[in-house]
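To keep things clear, I will list the structure first and then write my remarks on it.
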Amino acid sequence: MLTNWVIMFIIAVLLASLVAVFARTALVGLSGPQTVLISSITILVLSFTTLSFTGFWKSAKHFSSDSVKDIVIAGVLLALGFICLCIALGITESLSTAQFYLLVPVFVFVANIFFSKKLPGIVSIIINVLIAVGVLVMGFGIRHKHGLWWIPALLSPVILAAERLYVKKNPLGTLEEVAAYFVVVIVALVFSLFIRHKDLKKITAYHVFFAILTGIAYYYAPLCYHRAVEMCSFDSWLWLIYNLWMVFTVIWAMLFLREKASAGTYSGLGLIVAAFIVRFIFRYYI
């Protein structure tokens with residue numbers, strides 16, 4: 001049992017940290033929408049490994065009009081969020097872009113404050129400020145090839161946060177979540193017709209392969225993590241280590257993509273690590 005959950009957890013952390021690295025490699029030959037299209041098709045295929053096509057289509061006939069609307073809205077928001085993140089990844093270093101995904105819960109936190117009009121605890125505010133500042137310091141701590149890289153980098157977590165808020169208000173079941181990825185594939189396909197890679201000759205099986213790996217990593221990382229938590233009694237420590245996937249992303253980007261970390265990168269990463277450690281202490285020990 002110990003060996004099983006350790007293996008599962010190591011796989012979870014590795015996959016979570018490699019999503020951006022795989023995507024960045026795929027984007028060398030693909031456009032953002034093309035990468036999202038291939039990785040989302042991969043996620044759909046993986047979803048059907050646990051959900052048969054027959055079971056899905058039989059149940060799909062019973063989707064209500066409200067369910068279809070929720071599926072479409074959630075799918076469109078997911079697609080736009082992922083496409084924006086891939087566009088940002090495609091025009092600058094992954095070391096300065098990948099961590100913007102960490103802003104999704106921060107934006108959800110801010111939106112909840114705005115809608116509920118209730119001031120949260122000081123600790124929650126400090127943690128979210130630390131994460132936000134850490135992400136921005138990391139992002140702007142590198143010399144960028146494209147001056148407007150930060151626009152899609154910031155749009156991505158905003159759109160993904162909107163999707164989370166919408167799904168929280170209009171919960172989707174397992175079937176609806178799978179159906180939402182059909183919408184993601186359709187939206188990505190449409191965008192891929194208009195936003196193409198400048199040099200189509202550079203697109204090879206190598207880049208498609210890494211786009212597939214991106215989908216596999218994104219799909220299996222949380223599954224392996226939750227499975228590991230179910231099998232062991234050290235779930236609090238697993239939570240902390242898993243949430244520090246950005247540390248491992250930095251290592252992979254430096255090793256495999258030959259990206260150079262700056263003082264800003266390490267400073268921002270330090271703030272992010274500090275934020276999760278503070279949250280860990282207050283969540284489990286205070």
Side-chain angles (χ1 to χ4, degrees), residues 2 5-21 85 93-113 118-142 153-154 156-158 160-161 164 168 217-218 220-255 259-286:
L2 178 64
W5 73 254
V6 168
I7 292 174
M8 284 296 238
F9 182 66
I10 291 174
I11 292 173
V13 176
L14 287 177
L15 290 178
S17 61
L18 283 169
V19 171
V21 175
L85 187 60
E93 305 287 343
S94 61
L95 285 182
S96 61
T97 308
Q99 72 279 359
F100 272 79
Y101 189 82
L102 294 173
L103 288 181
V104 176
V106 174
F107 287 142
V108 170
F109 174 76
V110 173
N112 283 330
I113 294 175
K118 293 180 181 179
L119 194 64
I122 188 66
V123 175
S124 295
I125 293 175
I126 291 173
I127 290 170
N128 283 280
V129 168
L130 280 175
I131 292 174
V133 173
V135 168
L136 295 177
V137 169
M138 278 189 75
F140 289 92
I142 293 176
L154 273 176
S156 174
V158 169
L160 291 174
R164 282 198 188 180
K168 185 178 180 180
Y218 184 83
Y220 277 115
L223 289 182
C224 291
Y225 166 68
H226 290 302
R227 181 59 180 152
V229 169
E230 290 173 358
M231 291 191 294
C232 80
S233 59
F234 304 101
D235 57 314
S236 59
W237 286 97
L238 297 190
W239 177 90
L240 175 62
I241 299 171
Y242 183 73
N243 279 281
L244 295 179
W245 58 267
M246 177 47 59
V247 176
F248 302 99
T249 296
V250 169
I251 296 172
W252 297 134
M254 292 172 67
L255 287 175
E259 294 183 359
K260 296 180 180 179
S262 65
T265 303
Y266 291 121
S267 299
L269 186 61
L271 288 174
I272 292 170
V273 172
F276 280 105
I277 290 175
V278 170
R279 178 176 287 175
F280 170 73
I281 293 171
F282 276 86
R283 182 175 181 174
Y284 293 104
Y285 294 101
I286 296 179

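Note that the structure is a prediction, hence the values are computed from the model and not measured.
- Here the CE-CG distance, from Met8 to Leu238, works out to 12.5 Å after rounding to the nearest 0.5 Å.
- Ser17 approaches Val21 most closely through the heavy-atom pair O-CG2, 4.0 Å.
- In terms of the ring pair (Phe, Tyr, Trp, His ring centres under 6.0 Å) criterion, Tyr101 has no residue partners (sequence neighbours excluded).
- Of all non-hydrogen atoms in Ala253 and Leu95, the two that sit nearest each other are CB-CD2, 3.5 Å.
- Minimum heavy-atom separation, Tyr242 to Ala12: CE1-O, 3.7 Å.
- Among pairs with a residue in residues 118-130, none fulfils side-chain hydrogen bond (donor to acceptor under 3.5 Å, both in side chains), at least two apart in sequence or across chains.
- Nearest heavy atom pair, residue Phe100 against residue Gly139, reads CE1-CA, 4.1 Å.
- For the pair Ile11/Tyr220, no side-chain contact is recorded, criterion being any heavy-atom separation below 4.5 Å from C-beta on.
- Aromatic rings of Tyr225 and Trp239 (six-membered ring for Trp) have centroids beyond the 6.0 Å cut-off, not under it.
- Val106 is not listed as a side-chain neighbour of Leu102, based on a closest heavy-atom distance of 4.5 Å or more.
- Residues passing the ring pair (Phe, Tyr, Trp, His ring centres under 6.0 Å) test with Tyr218 are Phe82, sequence neighbours excluded.
- Using a 4.5 Å cut-off on side-chain heavy atoms (C-beta onward), Leu14 and Trp252 make contact.
- With rounding to the nearest 0.5 angstrom, the CG atom of Leu240 is 9.0 Å from the CD1 atom of Ile281.
- For the pair Phe282/Ile127, no side-chain contact is recorded, criterion being any heavy-atom separation below 4.5 Å from C-beta on.
- With sequence neighbours excluded, the residues satisfying salt bridge (charged side-chain N to carboxylate O under 4.0 Å, His left out) with Arg227 are Glu230.
- Looking at heavy atoms from C-beta onward, Val108 lies out of side-chain contact with Lys168 at the 4.5 angstrom threshold.
- To the nearest 0.5 Å, atom CD of residue Glu93 and atom NZ of residue Lys260 are 10.0 Å apart.
- With rounding to the nearest 0.5 angstrom, the OG atom of Ser156 is 9.5 Å from the CG atom of Leu103.
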Could you tabulate the donor-acceptor pairs under 3.5 Å formed by side-chain atoms of residues 264-277, not counting sequence neighbours?
residue, atom, partner, partner atom, Å
Thr265, OG1, Ser262, N, 3.2
Thr265, OG1, Ser262, OG, 3.2
Ser267, OG, Ala263, O, 2.8

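- Here the CZ atom belonging to Phe109 is positioned 8.5 Å from the CG atom belonging to Asn112, to the nearest 0.5 angstrom.
- A 4.5 Å side-chain heavy-atom check between Arg164 and Val104 finds at least one atom pair inside the cut-off.
- To the nearest 0.5 Å, atoms CH2 (Trp245) and CG (Leu15) are separated by 13.0 Å.
- Taking 4.5 Å as the limit, every side-chain heavy atom of Ile241 sits out of range of all side-chain heavy atoms of Leu244.
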TODO: Determine, step by step, whether Thr249 and Met246 satisfy the side-chain contact (heavy atoms from CB on, under 4.5 Å) criterion, reporting the C-alpha distance in whole Å, the side-chain angles of both residues, the deciding distance to 0.1 Å, and the verdict.
DONE: CA-CA 5 Å; Thr249 296; Met246 177 47 59; 4.0 Å; yes
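- Not counting sequence neighbours, the partners of Glu259 by the side-chain hydrogen bond (donor to acceptor under 3.5 Å, both in side chains) test are Ser94.
- Contact annotation: the side chain of Ile122 approaches that of Ile126 to within less than 4.5 Å [non-hydrogen atoms, C-beta and beyond].
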